[in-house]
There are 2 protein chains.
Amino acid sequence: MPKNCNFIEKLREVGLRPTKQRVEMCEVLYNREKTFHFTINDLVKLLSEKMNQKISLATVYNTVHAFEKKGYLKEISIDSHKSYFDTNTSAHHHFFDEDTHELIDCDESDIDKINIRKKITGKKINSVEVLVRVASDNQTQK
Amino acid sequence: MPKNCNFIEKLREVGLRPTKQRVEMCEVLYNREKTFHFTINDLVKLLSEKMNQKISLATVYNTVHAFEKKGYLKEISIDSHKSYFDTNTSAHHHFFDEDTHELIDCDESDIDKINIRKKITGKKINSVEVLVRVASDNQTQK
DNA sequence: TCAACAGTTTAGAATTATTATAATGTAGTT
DNA sequence: AACTACATTATAATAATTCTAAACTGTTGA
């Protein structure tokens, strides 16, 4: 597994010890074509499938938060009841499919630049994020 | 209290029984100049201050959800750990003050119309919402 | 007006997501 | 190999929310 070395290197760069669990988690999160959106629950499932040994729930939380603090992951607020995370940490917008609860990244080109006219004195803008909620076209209103 | 009658009327219109608790809640939520943003916790506090009798936590949840289903309230997702609700149910955008955890409505004119170029086949757009996160300008990075 | 019923409220238990704790284990350094 | 600081773990604790079942109350219609 030469890819592991990569992750070990990367983890070191941001000052995180490349422990078994962290490297394993990197593999699940970043060894994929597209960016990955998940809840803690999704991740726990994937990890326990992939790993030979079991991983503690607390470790998954700790590690996800360590990654978030170091800029490896970004938290997305969609549903007040679950935390979604995104392996794409750059500023970008999302589609949220209300039928499947799937989160889809927008490319830079999908949404025109947002122009904020309002200024709040003494406050600076940290981020501007758009969430487009979509649902099946022929769905009966629930 | 002639205003009560108004709320009783309005509750009936959407098919909700105008019970003591619901009318009381309407007063707290809608007898104000500006739109009101709150968490369930905020609301429970306000209600228990205002009311002579105590109100059950479960009732607050039930009633808020009843109001939401009937279009009296709108849920806003900002923080994955708390549900925020908004008495302004029209489509509009928000500023979120990360220092004070306060939510501020945007006027129509504050943000230019958002142009979504991306189409997802078989899906229709339900809503487009912008969240602008702001924080103190001279704050040391946490 | 009042009985009856359906919808409401209530307290408390249950559930779910998350965080804290404290003991044990392990990566990195010597 | 041994030391030390940081990680991991199982479990307990906490927080937000929902469920349950019994008691209560608007509304309807006799």
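Lettering of chains follows the sequences in order, A, B, ..., and the numbering in each one begins at 1.
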On a heavy-atom basis, the closest approach of B:Ser83 and B:Glu75 is OG-OE2, 2.9 Å
Salt-bridge test for B:Lys34 and B:Asp105: reply yes if a basic N is under 4.0 Å from a carboxylate O, no otherwise.
no
Taking the side chain of A:His65 as heavy atoms from C-beta outward, which of C:dT19, C:dT8, C:dT10 is closest to it?
C:dT19
With respect to the side chain of B:Arg17, which nucleotide from D:dT27, C:dA17, C:dT10 is positioned closest?
D:dT27
C:dT18 OP1/OP2 closer than 4.0 Å to side-chain N/O of A:Tyr61
yes
Below 4.0 Å: OP1/OP2 of C:dT18 and any side-chain N or O of A:Ser83
yes
Tell me the interatomic distance from A:Glu68, atom CD, to C:dT18, atom P, rounded to whole angstroms.
12 Å
Picking from C:dA11, C:dA27, C:dT10, which would you name as closest to the side chain of B:Gln21?
C:dT10
Rounding to an integer number of Å, can you tell me how far B:Lys69 NZ sits from D:dT18 P?
12 Å
Think A:Thr59 has a side-chain N or O under 4.0 angstrom from the OP1 or OP2 of D:dT9?
yes
Start with the C-alpha gap between B:Asn88 and B:His37, add the side-chain angles, then the distance that decides, and say whether side chain to side chain donor-acceptor pair (under 3.5 Å) holds.
CA-CA 9 Å; B:Asn88 179 356; B:His37 300 111; over 6 Å; no
Whole-Å distance, B:Asp42 CG to D:dA16 C1', equals 14 Å
Does B:Asp97 come within less than 4.0 Å of A:Lys123, counting only side-chain N to carboxylate O?
yes
Without decimals, in angstroms, what is the distance between A:Leu11 CG and D:dT8 C1'?
16 Å
Return the nearest nucleotide to the side chain of B:Lys54; candidates are C:dA11, D:dT8, D:dG26.
C:dA11
Gap between atoms CG and P, on A:Leu57 and D:dT11 respectively (whole Å)
13 Å
At less than 4.0 Å, is any side-chain N or O atom of A:Thr19 found next to OP1 or OP2 of D:dT8? Yes or no.
yes
If you only use heavy atoms from C-beta on, which nucleotide in C:dT9, C:dA11, C:dG28 is closest to the side chain of A:Pro18?
C:dG28
Nucleotide of C:dT26, C:dT10, C:dT8 approaching A:Lys20 most closely (side-chain heavy atoms):
C:dT26
Could you check whether A:Lys74 pairs with A:Glu129 (Lys NZ or Arg NE/NH1/NH2 to Asp/Glu carboxylate O, under 4.0 Å)?
yes
Would you kindly give the CZ-to-P distance between B:Arg12 and D:dT25, to the nearest whole Å?
17 Å
Output the rounded distance in Å from CG (A:Leu16) to C1' (C:dG28).
15 Å
Round to a whole Å and report the spacing from OH of B:Tyr84 to C1' of D:dT17.
16 Å
5' precedence on DNA chain D between B:Asn62 and A:Ile55 (nearest-nucleotide basis):
A:Ile55
